[in-house]
Amino acid sequence: MNDLSSIQVVRGMHDFSGERVEQLARVELKARELFSLYAYQEIRTPHLESLYLFERALGETTDIVEKEMFALKDRGDRLLVLRPEGTAGIVRSYIENSLEKKSPISKFFYMGAMFRAERPQAGRLREFNQIGSEYFGNSAPSSDAETIQLACKLLETIGVETVQVQLNSIGCRECRPNYQEALLNFLLKFKDQLCKDCVKRLDRNPLRALDCKIDRDKLDAAPKSFDYLCFACKEHHLELEGFLKMIGLEYSMVPHLVRGLDYYNRTVFEIYPGGKTGSQDALAAGGRYDTLTQQLGGALVPAVGFAMGVERVLNLLEQTKSIESKIKKREGIFLIALGKEAFGKSFQTLNFLRSKGFKTNSILNLQSLKSQMRLADGLGTRFCLIIGEDEIKNDTVTLKDLEQKSQISFSSSMLLEHLTGIQ
Ligand code: HAM
């Protein structure tokens, strides 16, 4: 039987409060500014989607669909899933709302929680936040370049100083079968050394072996997708490289990079922390998915996108201590009313300050000056505005600057003049 001590946060999930929630909000704010600069519009889709959507979009042989989905049945026995990623839901929404009829080009950004039942460990959570973009309607390699640059810029804007971009092309419906065949022939020679999952997937999707955490290292000599690209895919890739070079964006070609989701074609990329952080986890990743809209029942609309894992970035910034909010500045006003007689004037002053745009806090109860000061200090407040018996009698207020450690009293009518310019 459950007792109250078993009511805890679900394994692999985390609460955000204090500094961590402020960092999350700050990252989201910076992302919004950046997406607006690149002319992306926000899109929000539900956290629950049909199981079928992810089976169709991500592929039945992917780790996510095979073993990482939080699935449930609703009262009508429909199979639903807490979204493991954002792209599939956005493509569903794009088709369902006929967005391609509204504009041949649509650029969306999104942010929100995703859910994967992975084995919890550092950087691998069961609920995590992604910020990402999806660019529909443009098959030109410049849109791949824009997406990769946007992902790097987002990381840079938030404070990640150096990144490593890994890039590959996995071809298209025309040329990939040739590559898959070559890869399968190679893998069959090693069949007895492969993990159980990879052996099972050999016939259905040999590319998955390249993404397998267990077998990946054994496959150094495996054929490379780049050597099997058709003319159009090769040209697309070379043009993309040209764009990246033009803007001085450094990357390395990683010939066995395939990504863990099946919807990609042509460009795939992953972005890792630069320098010596030792992290094996990608901060952001994405690629092109030109046939997904069609696979999900819509028209054929080319698309490219990426998503960044917010917690992984916050953890990295924490490690490298470059997070701006580490040097947190004091801010705002804490209004201290001393005694019941001061409550009326204090409540009016509180509302006046807020109406003038000053961040103001107060508890208006009977706690002592000392305990209210301690509270204000603990909250990181810059000023305490004190209204007590003397202040009521003389129609004054007392302003204490907790940063400069100074204090002055002045007439209540001069409050705005005193606060303006020093906030
Ligand atoms: P993904 O590589 O599965 O791609 O996830 C993108 C990022 O989300 C990862 O690079 C990582 O930073 C973060 N992430 C993934 N799983 C976890 C986890 N369990 N815990 C913490 N962070 C995690 C996608 O999701 C694609 N939808 C990206 C995309 C958008 N492709 C095209 N458009």
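As the structure lists them, so they are numbered: ligands from 1, and atoms in each ligand from 1. Keep in mind the model is a prediction, meaning the values are calculated, not measured. Reckoned from all heavy atoms, side chains included, excluding hydrogens, waters and symmetry mates.
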Mind listing the side-chain donor-acceptor pairs of residues 187-197 below 3.5 Å, one per line with the distance, residues two or more places apart or on another chain?
| unit_1 | atom_1 | unit_2 | atom_2 | d |
| --- | --- | --- | --- | --- |
| Asp197 | OD2 | Lys67 | NZ | 2.7 |

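Aromatic rings of Phe109 and Tyr40 (six-membered ring for Trp) have centroids beyond the 6.0 Å cut-off, not under it.
With Tyr94 as reference, Phe136 is the one residue of Tyr110, Tyr289, Phe136 to meet the ring pair (Phe, Tyr, Trp, His ring centres under 6.0 Å) rule.
The side-chain contact (heavy atoms from CB on, under 4.5 Å) test applied to Thr162 returns no partner, not counting sequence neighbours. For Arg124, the salt bridge (charged side-chain N to carboxylate O under 4.0 Å, His left out) partners are Glu118, Asp281, not counting sequence neighbours.
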In a simple table, one pair per line, please give the protein and ligand 1 atom names for every N or O pair closer than 3.5 Å, along with the distance.
| unit_1 | atom_1 | unit_2 | atom_2 | d |
| --- | --- | --- | --- | --- |
| ligand 1 | 2 (O) | Arg259 | NH1 | 3.1 |
| ligand 1 | 2 (O) | Arg259 | NH2 | 2.8 |
| ligand 1 | 3 (O) | Arg116 | NH1 | 3.0 |
| ligand 1 | 3 (O) | Arg116 | NH2 | 2.8 |
| ligand 1 | 4 (O) | Arg259 | NH2 | 2.9 |
| ligand 1 | 5 (O) | Gln130 | NE2 | 3.2 |
| ligand 1 | 8 (O) | Gln130 | NE2 | 3.1 |
| ligand 1 | 10 (O) | Ala282 | O | 3.4 |
| ligand 1 | 12 (O) | Ala282 | O | 2.9 |
| ligand 1 | 12 (O) | Leu283 | O | 3.0 |
| ligand 1 | 12 (O) | Gly309 | N | 3.2 |
| ligand 1 | 16 (N) | Arg116 | NH1 | 3.3 |
| ligand 1 | 19 (N) | Glu118 | OE2 | 2.6 |
| ligand 1 | 19 (N) | Leu125 | N | 3.4 |
| ligand 1 | 19 (N) | Leu125 | O | 2.9 |
| ligand 1 | 20 (N) | Gly123 | O | 3.4 |
| ligand 1 | 20 (N) | Leu125 | N | 2.9 |
| ligand 1 | 25 (O) | Arg116 | NH2 | 3.2 |
| ligand 1 | 25 (O) | Gln130 | NE2 | 3.0 |
| ligand 1 | 27 (N) | Glu85 | OE1 | 2.6 |
| ligand 1 | 27 (N) | Thr87 | OG1 | 2.8 |
| ligand 1 | 27 (N) | Tyr263 | OH | 2.9 |
| ligand 1 | 31 (N) | Tyr264 | OH | 2.6 |
| ligand 1 | 33 (N) | Thr87 | OG1 | 3.2 |
| ligand 1 | 33 (N) | Glu134 | OE1 | 2.8 |
| ligand 1 | 33 (N) | Glu134 | OE2 | 3.1 |
| ligand 1 | 33 (N) | Phe306 | N | 3.3 |

Test log, rule side chain to side chain contact (heavy atoms under 4.5 Å, CB included), inputs Glu42 and Phe108: CA-CA 5 Å; Glu42 185 167 10; Phe108 298 110; over 6 Å; no
